[in-house]
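Following: one structure in structure tokens, then a few remarks.
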Amino acid sequence: MNINLLKPTLALFCILNAFTMNAQWTSKIPQTKDTVWIYYNKVIDANTVWMGGPQYSFQDSVGGPGNFISMYSTSDGGANWKYKKFNLDTADAPFLSSITGIDGSNGWATVYLNNAGTNLVLKTIDGGLNWTTTAATTFLRPESFVNAISFKDAQNGIMMGDPSPLTDSTNDFFEIYRTTDGGTSWTRIAENKIPASLLGEYGTSGEFDRIGDKLWFVTSEGRLFYSTDGGQNWAVRVVGTGFASNLHFVDNMHGLCIAKDTNYSAIGSDIKYTEDGGTIWQHVKSPFVDSTYFWSVTLIPQSNYILTNHAASLQGAPYTTLITKDKGANWIVIGTSDGLANARFVSPSVGYGGEGVSMGQNHATKIFKYSGSPLSGLLTPTLLKADFAIYPNPTLNKMNVKIDLEKSSSLYMIINSPDGKLVWSKTILDTVKNFDEAIDLSFLATGTYILTISSPEGNLSKTFVKE
């Protein structure tokens, strides 16, 4: 039995994200009734996104995938989404293992038919409304399982699958194919070009990331395979001691993933961060002390801040969203919200995410676009240009906050305790240049707190004492 069938139960099942859903995100529902857990979110640029996932629902508090998979795409920045309910024989129990694209029209997806034990590689040229089978001579052995596909442009692509032998051999090695003619023909990468697989090692579905000719994927044994020449030659690094997932690079040097590491925790997974292209992976101290599940982890481009969130249970809400600016040394809660699955950013002000499925959910799956409103200032290291004063300090029950902005803007304000807990927030949607109000702090316990103000231009923080 292919061990890949277990992948959704941990790595994918736990990749769910959430943010403050007030002014920061707008949502659309591309379909009428289906609830889909969007496992994969490939943001190509600010306007182009490909997403996908399986039908998902809860029965008697137990969640599970359904009988179909769904594809979504946009080429106009999320103003309109194309939706395709993947029309396969439901008896085959289709599992979407990856989806990608190079623009708003040309996309690829890989599917494993669980009951049939076969793989499909699919292509679309109309934004995902119609899909055709391609690469018919790949991933045909009983051991084969296609994990991911990636294209640099319309001609140059790469596919990765689990270790499998050649026809006349019993020696397993990762099944990787390359095309230079847009997928008309595929050539398997030779065994001597790929580091040997470990006993029982397999790839992680959807975990293929690339920037130009640089490619990375992670495995069940905590290893990172990488190529710098478009997939012709591969090398390997160690990330952790066990299952790795959620791989994401924002540039050639900065990336993160989740990987089990018994040096830090006996069970569950740990956040790992690299700033040298994947040679050295640093452990990021988790913000969660009561759970080993990461519902989502993502890296913000440009600032390289790490954003993650936690849910009270595997059935969903409530969600808590946190960021760290210093690789986990300090975390602050920036909001609570609805479920948002596998968010990805192209900048601190542009991002997309799908929706996971929560217990008791009574609406069809939403797709979210980050609108770049006040919260975006928290995701950058830029200091807000403003005169910012709080008084009196120390204060008893009320504190005056006076803000004179250099440029009129909306505002987001939060108060955190020293350990990062969010104790108060306020959103000002109207564009303002001056803010002068007294905040009631009578509900706060005696102690030291941090007030942060944020606009799309940046953020500022001040510490105060509540007596």
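Just so it is clear, the model here is predicted, and its values are computed rather than measured.
- With hydrogens and angles ignored, the 3.5 Å screen pairs no side-chain donor or acceptor of D34 with any backbone N or O of T365.
- Looking at S105 and I125, their side chains never come closer than 4.5 Å, going by heavy atoms from C-beta outward.
- At distances below 3.5 Å, not a single donor-acceptor pair connects side-chain atoms of K42 with backbone N or O atoms of I99.
- The existence of a salt bridge linking R223 and E221 is excluded, since no basic side-chain nitrogen approaches an acidic carboxylate oxygen closer than 4.0 Å.
- For the atom pair OG (S164) and CZ (R188), the distance works out to 5.0 Å, reported to the nearest 0.5 Å.
- Using a 4.5 Å cut-off on side-chain heavy atoms (C-beta onward), T187 and R178 make no contact.
- The backbone N or O of I414 lies less than 3.5 Å from no partner atom in the side chain of S425, so there is not a single donor-acceptor pair.
- Atom CG of L96 is separated from atom CE of M51 by 13.0 Å, given to the nearest 0.5 angstrom.
- Side-chain contact check for K369 versus V49: every heavy-atom pair is 4.5 Å or farther apart.
- The backbone N or O of Y305 sits nowhere less than 3.5 Å from a side-chain atom of K325 that would complete a donor-acceptor pair.
- F173 has its side chain within reach of L166: a pair of non-hydrogen atoms, C-beta onward, lies under 4.5 Å apart.
- For the atom pair F217 CZ and T204 OG1, the distance stands at 9.0 Å (nearest 0.5 Å).
- Side-chain atoms of N416 come within 3.5 Å of backbone atoms of V333 as a donor-acceptor pair (strictly under, hydrogens ignored).
- Between E175 and S144, the side chains place a donor N or O and an acceptor N or O closer than 3.5 Å (distance only, hydrogens not considered).
- Under the 4.5 Å side-chain criterion, counting only non-hydrogen atoms from C-beta, F139 is not in contact with W186.
- Note that the NZ atom of K260 and the CG atom of D270 stand 10.0 Å from one another [nearest 0.5 Å].
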Checklist entry - Between T100 and F208, is a side chain to side chain contact (heavy atoms under 4.5 Å, CB included) present by the stated rule, with each step listed? => result CA-CA 10 Å; T100 192; F208 220 159; over 6 Å; no
Checklist entry - Stepwise, does the side chain to side chain contact (heavy atoms under 4.5 Å, CB included) test hold for I306 with W331? => result CA-CA 9 Å; I306 299 171; W331 290 87; 4.0 Å; yes
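- One finds the OG1 atom of T124 at 5.5 Å from the CH2 atom of W131 (value rounded to the nearest 0.5 Å).
- Between the side chains of D76 and T74, at least one donor N or O lies within less than 3.5 Å of an accepting N or O.
- Shortest non-hydrogen contact noted between W50 and G128 is CH2-N, 3.9 Å.
- Put simply, the side chain of Y352 gets close to the backbone of A46: a donor and an acceptor are under 3.5 Å apart.
- Using modelled atom types, no side-chain atom of Y273 and backbone atom of N304 make a donor-acceptor pair closer than 3.5 Å.
- Between V239 and C257 the shortest heavy-atom distance is CG1-SG, 3.4 Å.
- With rounding to the nearest 0.5 Å, the separation of CD1 in I176 from CE in M160 is 7.0 Å.
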Checklist entry - S205 and Y39: side chain to side chain contact (heavy atoms under 4.5 Å, CB included), yes or no, with the steps? => result CA-CA 10 Å; S205 295; Y39 290 157; over 6 Å; no
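- Shortest non-hydrogen contact noted between Q302 and P348 is OE1-CD, 3.4 Å.
- T110 and S97 form a side-chain donor-acceptor contact under 3.5 Å, judged by distance and modelled atom types alone.
- Between Y202 and F145, the ring centre distance reaches or exceeds 6.0 Å.
- Remark: side-chain polar atoms of D209 are not paired, donor with acceptor, to backbone N or O of W216 under 3.5 angstrom.
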Next on the checklist: Could you walk me through whether D213 and D229 satisfy the side chain to side chain contact (heavy atoms under 4.5 Å, CB included) test, starting with their C-alpha distance in whole Å, then the side-chain angles of each, then the deciding distance to 0.1 Å, before giving a yes or no?
Outcome noted: CA-CA 5 Å; D213 281 329; D229 59 8; 5.7 Å; no
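- Smallest separation of non-hydrogen atoms from Q232 and K193: O-CB, 3.5 Å.
- Within the 4.5 Å cutoff, side-chain heavy atoms of L307 are placed close to those of T321.
- Between K327 and E275, at least one side-chain nitrogen of the basic residue sits less than 4.0 Å from a carboxylate oxygen of the acidic one, meeting the salt-bridge criterion.
- In this structure, the side chains of E457 and T382 stay at 4.5 Å or more apart for every pair of heavy atoms.
- With hydrogens and angles left out, the side-chain atoms of S70 and Y83 include a donor and acceptor closer than 3.5 Å.
- The minimum heavy-atom distance linking L379 with S303 is given by the pair O-OG, 2.7 Å.
- Enclosure of atom CG in L140 by more than 12 non-hydrogen atoms of other residues, nucleotides or ligands within 6.0 angstrom is indicated.
- Under the 3.5 Å distance criterion, the side-chain polar atoms of S98 are matched with a main-chain donor or acceptor of I149.
- Shortest non-hydrogen contact noted between L299 and P301 is O-CD, 3.5 Å.
- Listed for the E207 side chain is a donor-acceptor partner under 3.5 Å among the backbone atoms of N246.
- Using the six-membered ring where Trp is involved, W108 and F151 have ring planes that are parallel, under 30° apart on the 30 and 60° scheme.
- At least one side-chain heavy atom of P456 sits under 4.5 Å from a side-chain heavy atom of S410.
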